[in-house]
Amino acid sequence: MTAKLFTPLQAGALALRNRVVMAPLTRNRATPDGVVPGPLAPTYYGQRAGFGLIVSEGTQISHQGQGYAWTPGIYSAAQVERWRPVTEAVHANGGTIVAQIWHVGRVSHTSLQPGDGAPVGPSALTADTRTFDGERFVPTSIDQFMRPSVNVRTDAYGGSVENRTRFLEEVVEAVAGAIGGDRVGLRLSPFSPANGVVVDETAPEIFARGIERIAPYGLAFLHMIEGATGGSRELPAGASIEALRALFPGVYIANNGYDREMAIEAVDSGRADAVAFGKLAIANPDLVERLRRNATLNEADRATFYGGGAEGYTDYPTAEAVEA
Ligand SMILES: Cc1cc2nc3c(=O)[nH]c(=O)nc-3n(C[C@H](O)[C@H](O)[C@H](O)COP(=O)(O)O)c2cc1C
């Protein structure tokens, strides 16, 4: 019997041919001026068209929204044109791709900002993290307004749970208003201490309220990082992914530390509608086929995650090439 993981899924306006999703993956290979996809991007994404859905690398919505060197933007007509060969390569191979649009907020550096200005964020607090200085939709990780450790505002965007979740709803409302909610997805990391945020006891309530607020917009999907990004799947006391998922009426995409067996179980049991893979998507352009056949997987080489050229980007072999 075919595992449900390999069966089609309708996510809002998006028709996915299977439920294996490529998670958003920053690769810092945009052209040296840092604003358009690099020359190998169409090959890289085209190789991965077998995924039911590709979520692009984080793509800034303005110069100010950039937090890392050599990440692409999508805020000018010229940049949109440079994304076209990427989407065409994916579509030519029968795939579906959406853009992860982001504004990194405070996770930036003056050297990356217009006029060398200070990065903007909910409050004037420095993120305890490092940045790398060297067609449609939106999962964002703009949760900085929701965290007491990052947001100490006293205006309508800080303080109460209502105020902390206001920015999230306004972003979703604006994007859904522009392109239709059924083309918009949202990525949340409710219990991840990434980028210097402190996950405190307010997280379950704030994220529950945030999801309740965006539920009426008919989004294509909710995508959550279960646990600490790229780390433990364990949740703090009182936290529950299932409880948050239950508040969202649409498609749920699970992510973080999934392997084949876990992904098949999650979708068969109904705990998730689809599963996103990060590191395995970097290392296995044909991941869906490999999972289907239970073939051996390539391992991702961390040394080539960020920056560089074809090595560790477009040269991971397919199982077919390895066997030949
Ligand atoms: C090289 C690399 C780049 C990443 N870039 C992004 C990004 O641009 N946006 C984002 O939301 N998450 C990003 N992530 C997090 C992944 O989407 C994913 O949540 C994480 O790798 C956990 O999934 P995995 O265990 O399947 O690898 C990145 C992770 C890695 C390893």
Side-chain angles (χ1 to χ4, degrees), residues 5 19-30 34 37-38 41 44-45 48 51 53-61 65-74 97-105 107-108 129-132 134 137-144 171 185-195 197 221-234 241 252-264 266-267 272 274-284 287-288 290-291 297-308 311-314 316:
L5 182 66
R19 297 158 186 254
V20 182
V21 174
M22 178 173 171
L25 294 158
T26 289
R27 306 304 307 277
N28 305 86
R29 283 166 168 86
Y44 168 72
Y45 283 110
R48 288 159 179 76
F51 282 80
L53 178 67
I54 295 173
V55 181
S56 81
E57 63 210 272
T59 301
Q60 59 264 10
I61 55 162
Q66 183 171 0
Y68 306 81
W70 309 311
T71 58
I74 192 156
I97 181 168
V98 294
Q100 177 179 56
I101 58 171
W102 72 7
H103 186 299
V104 300
V107 186
S108 185
T129 185
R130 288 168 192 279
T131 178
F132 181 77
F137 135 91
V138 190
T140 79
S141 37
I142 302 184
D143 68 22
Q144 296 175 25
V171 171
L186 175 69
R187 176 171 232 225
L188 293 175
S189 321
F191 309 114
S192 181
N195 293 324
V197 309
F221 61 83
L222 173 67
H223 179 172
M224 283 196 284
I225 298 183
E226 301 174 344
T229 313
S232 169
R233 290 180 47 80
E234 244 170 70
I241 290 289
Y252 172 56
I253 304 178
N255 172 239
N256 206 31
Y258 276 85
D259 61 17
R260 178 177 190 273
E261 203 180 325
M262 287 164 68
I264 287 175
V267 175
V275 174
F277 293 87
K279 293 177 286 293
L280 288 178
I282 289 178
N284 297 278
L287 183 65
V288 181
R290 287 181 193 242
L291 294 179
L297 303 177
N298 298 326
E299 259 190 55
D301 169 22
R302 287 169 187 275
T304 50
F305 275 179
Y306 308 109
E311 192 191 349
Y313 190 49
T314 51
Y316 283 106

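In this chain, residues are counted from 1 in sequence order. Every number for a ligand or one of its atoms is a count from 1 in the order of the listing.
Between Tyr306 and ligand 1, no N or O atom pair is found at a separation short of 3.5 Å. For a threshold of 3.5 Å applied to N or O pairs, the pair formed by Arg27 and ligand 1 contains no separation below that value. For ligand 1, one of its N or O atoms has an N or O atom of Pro24 under 3.5 Å away. Between Trp102 and ligand 1, no pair of N/O atoms sits closer than 3.5 Å. In terms of polar-atom proximity, defined here as any N/O pair under 3.5 Å, Gly257 does make such a contact with ligand 1. The N/O atoms of Arg187, backbone and side chain alike, include one that comes under 3.5 Å of an N/O atom in ligand 1. Among the atoms of Glu57, none of the N or O lies under 3.5 angstrom from an N or O of ligand 1. By the 3.5 Å distance cut-off applied to N or O atoms, Gly58 is counted among the residues near ligand 1.
Rounding to the nearest 0.5 angstrom, the gap separating the CZ atom in Arg302 from the CD1 atom in Ile282 is 9.0 Å. From Ile225, atom CD1 reaches atom CD1 of Ile253 across 12.0 Å, with rounding to the nearest 0.5 Å. Here the straight-line distance linking atom CZ of Arg187 with atom CG of Asp143 works out to 11.5 Å at 0.5 Å rounding. Rounded to the nearest 0.5 angstrom, Thr314 OG1 and Arg48 CZ are separated by 8.0 Å. To the nearest 0.5 angstrom, Leu280 atom CG is 7.5 Å from Leu291 atom CG.
Remark: ligand 1 atoms within the under-4.0 Å shell around heavy atoms of Ile225 are 19 (O). In the vicinity of Ala23, heavy-atom distances shorter than 4.0 Å reach the ligand 1 atoms 17 (O). Those atoms of ligand 1 that come under 4.0 Å of a heavy atom in Gln100, given as number and element, are 7 (C), 8 (O), 9 (N), 10 (C), 11 (O). Near Phe277, with a cut-off below 4.0 Å to any heavy atom, the atoms of ligand 1 are 26 (O). The ligand atoms of ligand 1 that sit less than 4.0 angstrom from a heavy atom of Phe305 are 1 (C), 31 (C).
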Next on the checklist: Using side-chain contact (heavy atoms from CB on, under 4.5 Å), reason through Asn298 and Arg290 one step at a time and then give a plain yes or no.
Outcome noted: CA-CA 10 Å; Asn298 298 326; Arg290 287 181 193 242; 3.1 Å; yes
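Partner of Thr71 under the side-chain hydrogen bond (donor to acceptor under 3.5 Å, both in side chains) criterion, chosen from Gln60, Glu57, Arg27: Gln60.
Both the backbone and the side chain of Thr26 come within 4.0 Å of ligand 1, counting heavy atoms alone. Under 4.0 Å from ligand 1, not a single heavy atom of Leu280 appears.
Among all heavy-atom pairs drawn from Ala30 and Pro72, the shortest one is CB-N, 3.9 Å.
The backbone N or O of Ala41 lies less than 3.5 Å from no partner atom in the side chain of Arg29, so there is not a single donor-acceptor pair.
Between Tyr313 and Tyr44, the angle of the ring planes stays under 30°, which puts this pair in the parallel group of the 30/60° scheme.
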